[in-house]
2 protein chains.
Amino acid sequence: MANIKSVAQKAGVNVSTVSRYVAGKLNVKKETREKIDAAIAELGYRPHATAKALKTSVTNCIGIVIPTIRNPLFADIVAGLTQRLEANKFTTMLYSTENHLSKEKEGIGTLLAGRVDGLVVVGSSGKTGSRDWLEEVKDIIPLVVVNRCWQNGDFNRVITDFTAGSRLAADYLVGKGYRRFAVITGYKDNEESQLKLYGFEQELWQRGIMLGQDMVAEGFFSYDKAYHAARKLLGYRPEAVFAASDLMAAAVLKATKDCGLVVPEDMAVIGYGDSQISQITTPALTTVAQHAVESGAAAANLLIEVMKEPGPAREVIMRTELVVRQST
Amino acid sequence: MANIKSVAQKAGVNVSTVSRYVAGKLNVKKETREKIDAAIAELGYRPHATAKALKTSVTNCIGIVIPTIRNPLFADIVAGLTQRLEANKFTTMLYSTENHLSKEKEGIGTLLAGRVDGLVVVGSSGKTGSRDWLEEVKDIIPLVVVNRCWQNGDFNRVITDFTAGSRLAADYLVGKGYRRFAVITGYKDNEESQLKLYGFEQELWQRGIMLGQDMVAEGFFSYDKAYHAARKLLGYRPEAVFAASDLMAAAVLKATKDCGLVVPEDMAVIGYGDSQISQITTPALTTVAQHAVESGAAAANLLIEVMKEPGPAREVIMRTELVVRQST
DNA sequence: TTGTAAGCGTTATCAT
DNA sequence: ATGATAACGCTTACAA
């Protein structure tokens, strides 16, 4: 590959002149410019980003760590991130932990080795959390966490107000006259799942309604697992089921149908996410919208801001909304 | 940040010794090893990947260019890619063109600047194609293209046999006794869409069945657009509708229902992809499975192979299968 | 306006 | 088994 030296040689000038010209500094004679342009074109020269990064300590690259790209929610967050970052001339390095929190440390480690200017870590920590580890990281490199709410150090963060979203759902259902509820959560130990459950219970409690312990089951954010959980819960004859994701709500619809019940006449179902799934089911799902793409974009903007001028930790809260369709 | 020099200093040895030890070369005395280990731990030293890349010309990083991560199909391909690449100690740089083919050149350009050891370009080229551009790229860097079938230079490629998949669908439907068909394609100019349509037509033709021109409509891989297309097509009373994606097939189901027809009794619907969507709809969709995750994994393996020993272009064909559910 | 030269953090060759 | 040093491709004072 052609390098700056060969360009300089061919153009008959010094490397520093080429460097300055390529960088856009304008104190270079027209005649020289033309010679350099010609040399660049002829050699197919392309500045070597790695060398530049080594010299300047700026990589123009941001690391993103996610649990899995196959969850549409995370895909949306990544989409929001890459859009904003690419628009700001950053490239992105993606590391997927495949839902193994233990791989998070490894992933961050590889990204950290002088490869990126900043880091975005997406997704819930587990029960144990990786708090101590991230605590170190944020001293090494600008860091933004997304939807990791338990992390109570002062991190720059974008969080969705999952609790408020669940309260919207509960409020709406109670207002509709339902009194006997069941909930399908994600993972018992997962913070996002817990916050969603917590908000729902809290709102019910304020309305003087109790949610029986038998009425909560884990669905593991999986269609099949949620289906089985739903079959069990339906035995207790709830009037309405709240699922922590649209995918699991879709499973509830299926279970309901297989039990010979009709939604919404015999039972109401409400999902979470307002993903494409919620439009596709029959009946279409009432759901809590959580603006995943915008969360990603907000995280990108926050990180860029933080890299420009560091300071005390900043926080962005993403609001949720209720989207009413035909399942309630 | 601590560098190799500071470690060497603290350990009281030369940088080259540290370098050798860290690289795992074993000609280093136990005593020295311990001193170095202590220094590394104390300083929190982490080898600088960028500097190493500059020196060795290997980045251990692979570039991935995709149209958009929000399409579950591409997300699956990326998942397959990152799994295999991470397992082989590669990091991945992701560039998303947001469905603008024109951005592909820009994206590849940024990745090319000494940032990556190899490149995977995913997705159809448009009518015009970016063939000439990629033709240059493959001389610069190891390249694998995925599902870009029109590209007729000798590229390393992983392609899904879309045509064969469509033929499976047509064969099955004709066997079931259907004779009057409608098709919802993606984009008219998109090769994947065209191949899917082509296979379907071809199989019908061999069975002596004609597909009227009015019976084909663009759905743009969008739920809403496909819904409108379906409403129009239903006016011509097809006995079965073949959609080029599950999402669009779901839209057909909706349109059918809104027209007061029942699937599969009044009309059959068949999708493409075997994505999660196909299990969720009511009735669940019969669909052509296309193994997206495996395509990504195959592309990763192919690229690794090509980087190890270059040679004539290799090709991997991914087969398709029919998955029969309740919509036919 | 252009040239000289040091240095970013590594690795690798050659001595010792 | 270890040390000295050049080099990777670039940027950036500083000098001319």
Side-chain angles (χ1 to χ4, degrees), chain A residues 1-37 39-40 43-61 91 109-117 140-141, chain B residues 1-37 39-40 43-61 89 91 110-117 140-141:
Chain A
M1 280 291 298
N3 57 18
I4 200 174
K5 210 165 156 187
S6 58
V7 171
Q9 210 155 28
K10 173 141 274 169
V13 299
N14 191 275
V15 286
S16 59
T17 308
V18 177
S19 176
R20 261 175 281 139
Y21 173 53
V22 170
K25 312 238 197 321
L26 286 189
N27 15 343
V28 56
K29 214 165 35 176
K30 189 178 171 195
E31 194 187 345
T32 316
R33 286 206 291 264
E34 282 161 0
K35 279 192 294 183
I36 297 177
D37 278 332
I40 288 179
L43 295 170
Y45 169 68
R46 194 185 294 282
H48 197 285
T50 302
K52 178 171 181 176
L54 178 59
K55 176 64 190 169
T56 62
S57 300
V58 175
T59 61
N60 283 306
C61 182
T91 74
T110 30
L111 295 179
L112 232 50
R115 273 188 234 265
V116 296
D117 295 337
I140 300 180
I141 199 172
Chain B
M1 278 292 298
N3 58 16
I4 200 172
K5 210 165 158 185
S6 57
V7 170
Q9 212 155 27
K10 173 142 274 171
V13 298
N14 190 275
V15 285
S16 55
T17 307
V18 177
S19 177
R20 259 175 285 141
Y21 174 53
V22 170
K25 311 234 198 320
L26 285 190
N27 13 343
V28 66
K29 215 167 29 180
K30 190 179 172 196
E31 194 188 345
T32 317
R33 284 206 293 264
E34 283 160 359
K35 279 192 294 184
I36 296 178
D37 278 332
I40 287 178
L43 295 170
Y45 169 67
R46 194 185 293 283
H48 196 286
T50 302
K52 177 169 180 174
L54 176 60
K55 178 62 190 170
T56 62
S57 300
V58 344
T59 60
N60 284 306
C61 181
K89 302 293 170 205
T91 75
T110 29
L111 294 180
L112 232 51
R115 272 188 235 263
V116 295
D117 296 336
I140 300 180
I141 199 171

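Below, chains carry the letters A, B, ... as their sequence lines are ordered, and counting in each starts from 1. Because the structure is predicted, anything quoted here is derived from the model rather than measured.
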Rounded to whole angstroms, how far apart are CG on A:Asp117 and C1' on C:dC8?
-> 15 Å

Indicate whether OP1 or OP2 belonging to D:dC8 is found under 4.0 Å from a side-chain N or O atom of A:Asn3.
-> no

Which nucleotide in C:dG3, C:dT1, D:dT12 has an atom nearest any side-chain atom of A:Arg20 = C:dG3

Could you identify which residues of residues 45-55 of chain B place a heavy atom less than 4.0 Å from some atom of DNA chain C, listed by residue number, or say none?
-> B:Tyr45, B:Arg46, B:Pro47, B:His48, B:Ala51, B:Lys52, B:Lys55

C:dT10 C1' sits how many Å from B:Ile36 CD1, rounded?
-> 15 Å

Which part of the nucleic acid, if any, lies within contact of A:Thr17, taking any heavy atom under 4.0 Å across all strands shown: a base, the sugar-phosphate backbone alone, or nothing?
-> sugar-phosphate

With DNA chain D as reference, determine whether B:Asn14 or B:Ser57 sits nearer its 5' end, using the nearest nucleotide of each.
-> B:Asn14

Classify the side chain of B:Ser16 and the base of D:dA4 as holding, or not holding, a donor-acceptor pair under 3.5 Å.
-> yes

Among C:dA12, D:dT12, C:dT2, which nucleotide sits nearest the side chain of A:Val28?
-> C:dT2

side-chain contact (heavy atoms from CB on, under 4.5 Å), paired with B:Tyr21, selected from B:Asn27, B:Thr32, B:Val28 = B:Val28

If we only count heavy atoms from C-beta on, is the B:Thr110 to A:Asn60 side-chain gap below 4.5 Å?
-> no

Measure from the side chain of B:Val13, starting at C-beta and using heavy atoms only, and say which of C:dA12, C:dG3, D:dG3 lies closest.
-> D:dG3

N or O in side chain of A:Ser19 less than 4.0 angstrom from D:dT11 OP1/OP2 = yes

Length of the CD-C1' vector between B:Gln9 and D:dG3, whole Å | 15 Å

Just checking B:Thr32: base, sugar-phosphate only, or nothing, at a heavy-atom cut-off of under 4.0 Å?
-> sugar-phosphate

Could you tell me the separation between the CG atom of A:Asn27 and the P atom of D:dA16, rounded to a whole number of Å?
-> 19 Å

